[in-house]
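Here the structure comes first, spelled out in structure tokens, and everything after it is commentary.
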Amino acid sequence: MSPSQISLRPHDMCVALQLVLTPSFSYRELAHDVGLSLGEAHNSVKRLEQARLFMADPGRVNVPALLELLVHGVPYVFPGQLGPDTQGVPTAHSGPALAERLSGVDVIVWPSADGEIRGHALVPLCASAPDLVQRNEALYRWLTLVDALRVGRARDRSLAGDILKRELQHGRTIE
């Protein structure tokens, strides 16, 4: 039997970003931080290793490769499609990193009954994303920037890419 072709899944981007935030991790903590099952967190790390985005030895994310994928690949591999207005959690240019810098644009949200604003719906890269606002603010911030890369205009994408580059290289959010 020949090996099968590796295919990254959308939530692998969430795991990769979390691994930048917490380079020393246990799979249990990683699963909790991202909102995945223990098995799916493990499988995600294995896919990231196969894609050369995570190196088990020495246990770190290949940040330059991840940035290249986020900025140049994710908009094509995991394109965002805006849906009808709904209640939800702000993302993309409506998220915490870009909202004050970019005004006068339509609000974009991840659909959530717990969300406090209305806007165009966008399916998040990982199902647990709307819950991250309360329990993983740094990952939430980075995922909103990735969404700006997925659905934003040129200025949104440029600004989001610049912020992600600066913050991922430092391994933390910079406000």
Side-chain angles (χ1 to χ4, degrees), residues 7-22 33-36 44 48 51 53-54 61-175:
S7 295
L8 292 174
R9 296 184 180 176
H11 64 260
D12 294 343
M13 301 302 95
C14 305
V15 171
L17 291 170
Q18 184 61 41
L19 290 171
V20 173
L21 289 167
T22 54
D33 291 345
V34 179
L36 298 173
S44 183
L48 291 167
L53 294 170
F54 180 75
V61 173
N62 181 348
V63 172
L66 178 60
L67 279 167
E68 184 176 355
L69 175 62
L70 292 173
V71 172
H72 301 290
V74 165
Y76 302 101
V77 177
F78 306 122
Q81 185 171 357
L82 299 178
D85 274 8
T86 189
Q87 181 176 331
V89 174
T91 189
H93 56 260
S94 304
L98 297 176
E100 291 181 11
R101 295 177 177 156
L102 302 172
S103 59
V105 292
D106 292 339
V107 174
I108 298 177
V109 299
W110 293 322
S112 171
D114 297 328
E116 297 181 2
I117 65 171
R118 292 191 67 78
H120 296 290
L122 175 65
V123 175
L125 290 173
C126 54
S128 63
D131 301 330
L132 296 174
V133 173
Q134 301 299 324
R135 59 186 182 81
N136 193 338
E137 192 174 321
L139 182 56
Y140 164 62
R141 175 185 166 87
W142 284 354
L143 288 175
T144 65
L145 289 166
V146 173
D147 279 348
L149 296 170
R150 293 172 64 209
V151 299
R153 296 181 196 142
R155 68 180 174 150
D156 308 350
R157 292 190 313 269
S158 176
L159 188 53
D162 290 346
I163 293 169
L164 275 171
K165 181 178 181 180
R166 187 175 66 246
E167 293 186 359
L168 265 62
Q169 287 174 339
H170 288 92
R172 59 179 167 53
T173 61
I174 301 171
E175 311 229 6

- [ ] For L149 and L164, run side chain to side chain contact (heavy atoms under 4.5 Å, CB included): C-alpha distance rounded to whole Å, both residues' side-chain angles, the deciding distance at 0.1 Å, then the answer.
- [x] CA-CA 10 Å; L149 296 170; L164 275 171; 3.7 Å; yes
Task: Main-chain N/O of D106 paired with H93 side-chain donor or acceptor, under 3.5 Å - done: yes
TODO: Keeping the roles fixed (side chain from T91, backbone from I108), state whether a donor-acceptor pair exists under 3.5 Å.
DONE: no
Task: Side chains of L17 and L70 in contact at under 4.5 Å (non-hydrogen atoms) - done: yes
Task: Test item: L143 and C126 side chains (from C-beta on) under 4.5 Å apart, heavy atoms - done: yes
Task: Test item: D114 and V133 side chains (from C-beta on) under 4.5 Å apart, heavy atoms - done: no
Task: salt bridge (Lys or Arg N to Asp or Glu O under 4.0 Å) against R118, all qualifying residues, sequence neighbours excluded - done: none
TODO: List the atom of G161, the atom of V71, and the distance in Å for their closest heavy-atom pair.
DONE: CA-CG2, 4.2 Å
- [ ] Taking the side chain as every heavy atom from C-beta outward, state whether I117 and P90 have any atom pair closer than 4.5 Å.
- [x] yes
Task: Neighbour count >12 (heavy atoms, 6.0 Å) for atom CD, Q169 - done: yes
- [ ] Determine, stepwise, if the pair L69 / V74 fulfils side chain to side chain contact (heavy atoms under 4.5 Å, CB included).
- [x] CA-CA 6 Å; L69 175 62; V74 165; 4.3 Å; yes
Task: Interatomic spacing from CD in E137 to CG in L21 - rounded to 0.5 Å - done: 11.5 Å
TODO: Scan side-chain atoms only and decide if N136 and Q18 contain a donor-acceptor pair under the 3.5 Å cut-off.
DONE: yes
- [ ] Quick one: closest heavy-atom pair of F78 and L125, and the distance?
- [x] CB-CD2, 3.8 Å
Task: Distance-minimising heavy-atom pair for L98 and D156 - done: CD1-O, 4.4 Å
Open item on the list: A side-chain contact here means heavy atoms from C-beta on lying under 4.5 Å apart; do V109 and V89 qualify?
Closed with: no
Open item on the list: Quick check: do W142 and V20 have side-chain heavy atoms less than 4.5 Å from each other?
Closed with: yes
- [ ] Hey, could you give me each pair passing side-chain hydrogen bond (donor to acceptor under 3.5 Å, both in side chains) that has a residue in residues 71-85? Not counting sequence neighbours.
- [x] D85-H120
Open item on the list: If I take atom CD from residue Q87 and atom CD from residue E116, how far apart are they, to the nearest 0.5 angstrom?
Closed with: 8.5 Å
Task: Side chain proximity check, L48 to L8, heavy atoms < 4.5 angstrom - done: yes
- [ ] For side chain to side chain contact (heavy atoms under 4.5 Å, CB included), just list the numbers for V146 and M13, CA-CA rounded to whole Å, side-chain angles, deciding distance to a tenth of an Å, and then say yes or no.
- [x] CA-CA 9 Å; V146 173; M13 301 302 95; 5.5 Å; no
Task: Heavy-atom pair of closest approach, residues R135 and S128 - done: NH2-CB, 4.0 Å
TODO: Taking all non-hydrogen atoms of both residues into account, name the closest pair between A97 and I163 and its distance.
DONE: O-CD1, 4.1 Å
Open item on the list: Salt bridge or not between K165 and D162? Use side-chain N to carboxylate O under 4.0 Å.
Closed with: no
- [ ] Compare every heavy atom of T144 with every heavy atom of W110, then report the nearest pair and how far apart it is.
- [x] CH2-CG2, 4.1 Å
TODO: Check whether any side-chain heavy atom of L19 sits under 4.5 Å from a side-chain heavy atom of V15, and report yes or no.
DONE: yes
